[in-house]
Amino acid sequence: MAPEVWEKVKNHPCYSEEAHHYYARMHVAVAPACNIQCNYCNRKYDCANESRPGVVSEKLTAEQAVRKVLAVAAEIPQLSVVGIAGPGDSLAAGAKQTIQTFEQLSQLAPDIKLCLSTNGLALPDYVDRLKGLNIDHVTITINMVDPEVGQHIYPWIFHDHKRWTGIEASRILHERQMLGLEMLRDAGILAKINSVMIPGINDEHLLDVNREVKARGAFLHNIMPLISDAAHGTHFGLTGQRGPTAKELKALQDKCEGDMKLMRHCRQCRADAVGLLGEDRGDEFTAEKVMQMDVDLDGGGFTKRETYREHVEAERALRHESKAAAIAEVAHMAGEKPILIAVATKGGERINEHFGHAKEFQIYEVNAEGAKFVGHRRVDLYCEGGSGDEDGLGTIIQAINDCVAVFVAKIGGCPSKSLEEAGIDPVDRFAFEYIEESALAYYADYSAQLSSGSIVEKIGADAVIRQGAYTSKRA
Ligand code: CLF
Ligand code: SF4
């Protein structure tokens, strides 16, 4: 990667998988309106492009948003990015609040990167403005490059003072998305493409999308599963359109991963999410609480953020050496089959979460080339109020039943037994160690045991991607 590109992405939790173990983002919900209709979205809920379907707790004005960002930035030194991702489209309705928020933040907290997500319809009108605000990262949600496919996803768009429907709507949207993407490339802004995988509608077609966006200079492609549940009141939810299974999603992501990077750590965040990806600390920073905080309007907390970034830089350099050494240890196993391992972690690239407290498991694919993050699975908490929930355990097993093992900081006897019965090895011997080195050590042991015949190969089942509303709060 060119050094100037690395500088832009190295601390962005969405653009760098490694960064997402260390850095946090926050979204400010200043953009409630939308200029298109997606069949997976219900306006009462967050933008499904960028958010789990769930009500945005509160919509903010630009002034409230800036105050909230400064409050969070002073409290959470990991904060490196502020994004606007809805709950509608960040560039709809003249983008007034979006632009005002970014203008003020670029003055008050210039060390924090600004980021934006859009459906792309209005994007060509704003690329120059975004460039002027020093915005380096823009996400466009592109679900099709063929209006024939698009008509099954978008019933209408509003463009040029007029409502368009059918193929014509998708044709205009497609042309504007491609134009916007090319303009971003020419302006030197990194473009990430989000695509929602909708089985039977655009799943195979996303290979064409991948090819077309790559040809227009997109930096990263993020293929996310459709989240579809009748309770969300979306067209797809109500008509029974299913989302992909974990195996289907991974197979498509693997096919698309060529010379263009694939994002696999997206958490489909709420439009008002705060914290590391996968956690939501929004409750600590409601508008009411922020009003009562003594907020330093000069971008307070800069020194704390600077110190944290220096610490992470040093840590990452050491980590690169340590990972390389661990990979060298398993080089002799080249050609052997990969395995999947689920990991309970609170961040920092370590196995540092108890099984019962995990709200998600990170999934690593491990072979002689290394341990690679390939996804995550949200689960219900197993341990609520000190006791285990057996129903919850069933859903956890369904969510990780394609894995050979689950790495945890600690686990009780009962869940261990159930996991073993399901063919998943509960492993706490690497507690608080680094994930990748531990996964490689486990892989070497597992392979040796397979060769000696002391264990049999686990043939993983297809894991279930959770469809319910995201309720994760920080433990
Ligand atoms: Fe937000 Fe999006 Fe910027 Fe990230 S989220 S606007 S690029 S700062 Fe990230 Fe969240 Fe996935 Fe978005 S994990 S939904 S990709
Ligand atoms: Fe909903 Fe976002 Fe689609 Fe607009 S662009 S309809 S807010 S998912």
Side-chain angles (χ1 to χ4, degrees), residues 1-16 18-20 22-31 60-85 90-91 95-118 123 126-139 184 187-192 219-220 269 271-277 281-282 285 290 293-314 316:
M1 195 182 293
E4 66 278 12
V5 176
W6 177 239
E7 269 311 304
K8 284 182 185 172
V9 302
K10 69 175 185 185
N11 296 351
H12 193 306
C14 304
Y15 282 68
S16 157
E18 189 182 85
H20 105 279
Y22 299 98
Y23 287 105
R25 55 75 187 101
M26 71 178 287
H27 288 163
V28 283
V30 295
L60 303 178
T61 62
E63 285 68 33
Q64 288 172 314
V66 169
R67 192 177 167 88
K68 179 172 177 174
V69 170
L70 296 177
V72 171
E75 281 295 310
I76 304 182
Q78 294 97 326
L79 185 74
S80 63
V81 179
V82 173
I84 297 182
S90 59
L91 297 177
K96 210 169 139 230
Q97 299 292 322
T98 296
I99 301 285
Q100 268 183 26
T101 306
F102 282 159
E103 270 172 355
Q104 291 182 39
L105 286 176
S106 61
Q107 301 290 322
L108 293 171
D111 64 302
I112 294 178
K113 290 190 181 303
L114 305 177
C115 190
L116 166 119
S117 155
T118 174
L123 180 60
Y126 290 99
V127 172
D128 287 349
R129 193 77 193 88
L130 300 178
K131 177 81 184 157
L133 285 166
N134 258 339
I135 291 173
D136 289 329
H137 306 86
V138 170
T139 295
L184 291 177
I189 297 173
L190 295 181
K192 171 163 76 60
F219 174 74
L220 188 63
C269 319
D272 54 5
V274 175
L276 294 173
L277 302 192
R281 297 180 60 179
F285 301 95
V290 167
M293 289 177 187
D294 189 14
V295 177
D296 172 2
L297 293 174
D298 286 330
F302 175 74
T303 315
K304 256 190 345 193
R305 293 194 294 278
E306 184 87 326
T307 309
Y308 179 75
R309 283 169 203 165
E310 281 164 11
H311 159 76
V312 172
E313 279 286 292
R316 283 167 93 173

Visitor: With under 30° as parallel and over 60° as perpendicular, where do the rings of H12 and H137 fit, or are they tilted in between?
Guide: tilted
Visitor: Would you check if R25 and H20 make a side-chain contact, meaning some heavy-atom pair closer than 4.5 Å?
Guide: no
Visitor: Evaluate the side-chain proximity of F285 to I76: yes if any heavy-atom separation is below 4.5 Å, no if none is.
Guide: yes
Visitor: Supply the atom-to-atom distance L184 CG to F219 CZ, rounded to the nearest 0.5 angstrom.
Guide: 14.0 Å
Visitor: List the atom of S80, the atom of Y23, and the distance in Å for their closest heavy-atom pair.
Guide: OG-CB, 3.5 Å
Visitor: In Å and rounded to the nearest 0.5 Å, what is the CZ to CG distance from R305 to N11?
Guide: 12.5 Å
Visitor: Any donor and acceptor pair, going by atom type alone, linking the side chain of T98 with main-chain N or O of L91 inside 3.5 Å?
Guide: no
Visitor: Determine the minimum heavy-atom distance between K304 and A74, stating which atoms define it.
Guide: NZ-O, 3.0 Å
Visitor: Taking all non-hydrogen atoms of both residues into account, name the closest pair between Y308 and P77 and its distance.
Guide: CD2-O, 3.8 Å
Visitor: Distance from L79 atom CG to I112 atom CD1, nearest 0.5 Å?
Guide: 4.5 Å
Visitor: At what distance, to the nearest 0.5 angstrom, does CD of E306 lie from CZ of R309?
Guide: 7.0 Å
Visitor: Quick one: are V127 and V138 in side-chain contact, heavy atoms under 4.5 Å?
Guide: no
Visitor: So which of T139, V9, I135 actually passes side chain to side chain contact (heavy atoms under 4.5 Å, CB included) with L190?
Guide: V9
Visitor: Determine whether L116 and S90 make a side-chain contact, defined as any pair of heavy atoms from C-beta on separated by less than 4.5 Å.
Guide: yes
Visitor: Which atom pair, heavy atoms only, marks the closest approach of Q100 to A62?
Guide: OE1-CB, 3.5 Å
Visitor: Could you tell me which non-hydrogen atom of I84 sits nearest to which non-hydrogen atom of V28, and how far apart they are?
Guide: CG1-CG2, 3.8 Å
Visitor: Report yes or no: does Q78 contribute a side-chain atom to a donor-acceptor pair with the main-chain N or O of Y22 at less than 3.5 Å?
Guide: no
Visitor: Please round to the nearest 0.5 Å and tell me the distance separating atom CG of L133 and atom CD of E103.
Guide: 5.5 Å
Visitor: Would you give the length of the straight line joining atom NE2 of H27 to atom OG of S117, rounded to the nearest 0.5 angstrom?
Guide: 7.5 Å
Visitor: Could you pull out the closest heavy-atom pair between L276 and A24, with the gap in Å?
Guide: N-CB, 3.6 Å
Visitor: Is it the case that the side chains of K10 and S16 hold a donor-acceptor pair, with the cut-off being a distance below 3.5 Å and no angle test?
Guide: no
Visitor: Mind checking side chain to side chain donor-acceptor pair (under 3.5 Å) for E75 and listing every partner two or more places apart, or none if nothing turns up?
Guide: none
